[in-house]
Structures are given as structure tokens and as C-alpha cells.
Amino acid sequence: MVARDLLRELEGRGVRLGVQEGQLIARAPAGTVTPELAAQIKAHKEDLLKELQAGATGQLTPLPESLTRLIRAAAGNHLNRSGFLPSGIVPNLGLYVLTCAALYACHCDPERQLAHLWEARAAWAS
């Protein structure tokens, strides 16, 4: 369970881990990965690879609580407003969030949908 908890922590900080040609790769905003966090990633590298590979075979990683709250707000029609995202303006942030969440749940480019959800969360928070 340590690897799964670490993945949730990393996702909560905006760090995206993936597997490319059997290697662990990470994408993160500058300054997000502290030396302590890097040490945890290194210490649990094999377990993280297993978790990520299991996710690639059909098991999605549960969304962090902050994204779950965003989706609940959208489902409750509390985001019925325009959203200003880095990729452009969306006329209805709630509909956008629900669409991204549904596509994520259907395994339709989940990494991209997760990135869109993080952008929407940032727009919601501002």
C-alpha cells in the first residue's frame, strides 16, 4: 500500500508518474519534487512501477480528494460558470469537469483527462 499512497500524494502535488519502455518517468511543476520526496520515489521505485503498470492494464488510480471534491461540486451544479483554463475558456466549467471525469473513468486517455481536471481545479480555486 505504500506505493499507492505515495502515488496519491504525488498526484495531489501535481506530479505525474508514468512508465515508458519499462522506466519510471515523472513530470512535475518546477520545485514540486523536494529532495525528501525524490528519496521516497527512489526507495519505492519498483513498487511504483508495479502500481503504474497495473493501472495500465485497466485499473485506474483513485482520484485525489481535491479532484473528488471538484467533481462533486460539478455534479451538484455548483460550477455552472465559465472557466479560464490555460488551454482556453470553457463556457461551463461544471460540464467540462464532468466530461473529463467520465472520459477518465472510461480509460479514454486518462493522463490527459487527469491533467484537464487539475487545470479545472486551479480555475475553480481562483
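The structure displayed is predicted, hence computed values, not measured ones. Only heavy atoms go into these numbers, but all of them, side chains included; no hydrogens, no water, no symmetry mates.
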Task: Within one Ile-Leu-Val-Met-Phe-Trp-Tyr cluster: L85 and I71, side-chain cutoff 4.5 Å - done: yes

Open item on the list: Within this structure, what is the CZ-CG distance for the pair R72 and L67, rounded to the nearest 0.5 Å?
Closed with: 12.0 Å

Open item on the list: What's the separation between atom CZ in R121 and atom OG1 in T68, rounded to the nearest 0.5 Å?
Closed with: 11.0 Å

TODO: Answer with yes or no whether the hydrophobic clustering places V19 together with L48; edges join I, L, V, M, F, W, Y residues whose side-chain heavy atoms lie under 4.5 Å apart.
DONE: yes

Task: Carboxylate-amine/guanidinium contact E9 R13, below 4.0 Å - done: yes

Task: Residue pair E11 / P62: nearest heavy atoms and the distance that separates them - done: OE1-O, 3.9 Å

Open item on the list: If hydrophobic clusters are built from ILVMFWY residues whose side chains come within less than 4.5 Å, do V33 and I25 share one?
Closed with: no

Open item on the list: Quick check: is L103 connected to L98 through a chain of hydrophobic side chains (ILVMFWY, heavy atoms under 4.5 Å apart)?
Closed with: no

Open item on the list: Out of the candidates N80, V97, T99, only one should pair with N92 under the side-chain contact (heavy atoms from CB on, under 4.5 Å) rule; please name it.
Closed with: N80

Task: Minimum heavy-atom distance P64-G12, with the two atoms named - done: CG-N, 4.2 Å

Open item on the list: Just verifying a value: how many Å separate K45 NZ and L24 CG, rounded to the nearest 0.5 Å?
Closed with: 6.5 Å

- [ ] Inspect the surroundings of CZ in R112 and state if more than 12 heavy atoms from other residues, nucleotides or ligands are less than 6.0 Å away.
- [x] no

Open item on the list: Nearest 0.5 Å, please: how far is CG in L93 from CG in L70?
Closed with: 6.5 Å

TODO: Give the cluster check for V15 versus L49: same hydrophobic cluster or not, with ILVMFWY residues linked at side-chain heavy-atom distances below 4.5 Å.
DONE: yes

- [ ] Could you tell me the separation between the CZ atom of R16 and the OG1 atom of T32, rounded to the nearest 0.5 Å?
- [x] 12.5 Å

- [ ] Please report the shortest heavy-atom distance between G14 and P29, naming the atom on each side.
- [x] O-CD, 3.5 Å

Open item on the list: Would you compute the distance between atom CD of Q113 and atom SG of C106 and round it to the nearest 0.5 angstrom?
Closed with: 9.5 Å

TODO: Would you tell me whether Y104 and H116 have side-chain atoms, one donor and one acceptor, within less than 3.5 Å of each other?
DONE: no

TODO: Just do the side chain to side chain contact (heavy atoms under 4.5 Å, CB included) check on L37 and L10 with the steps written out, would you?
DONE: CA-CA 9 Å; L37 197 53; L10 292 167; 3.6 Å; yes

Open item on the list: Could you tell me if the side chain of W124 sits less than 4.5 Å from the side chain of S66, heavy atoms only?
Closed with: no

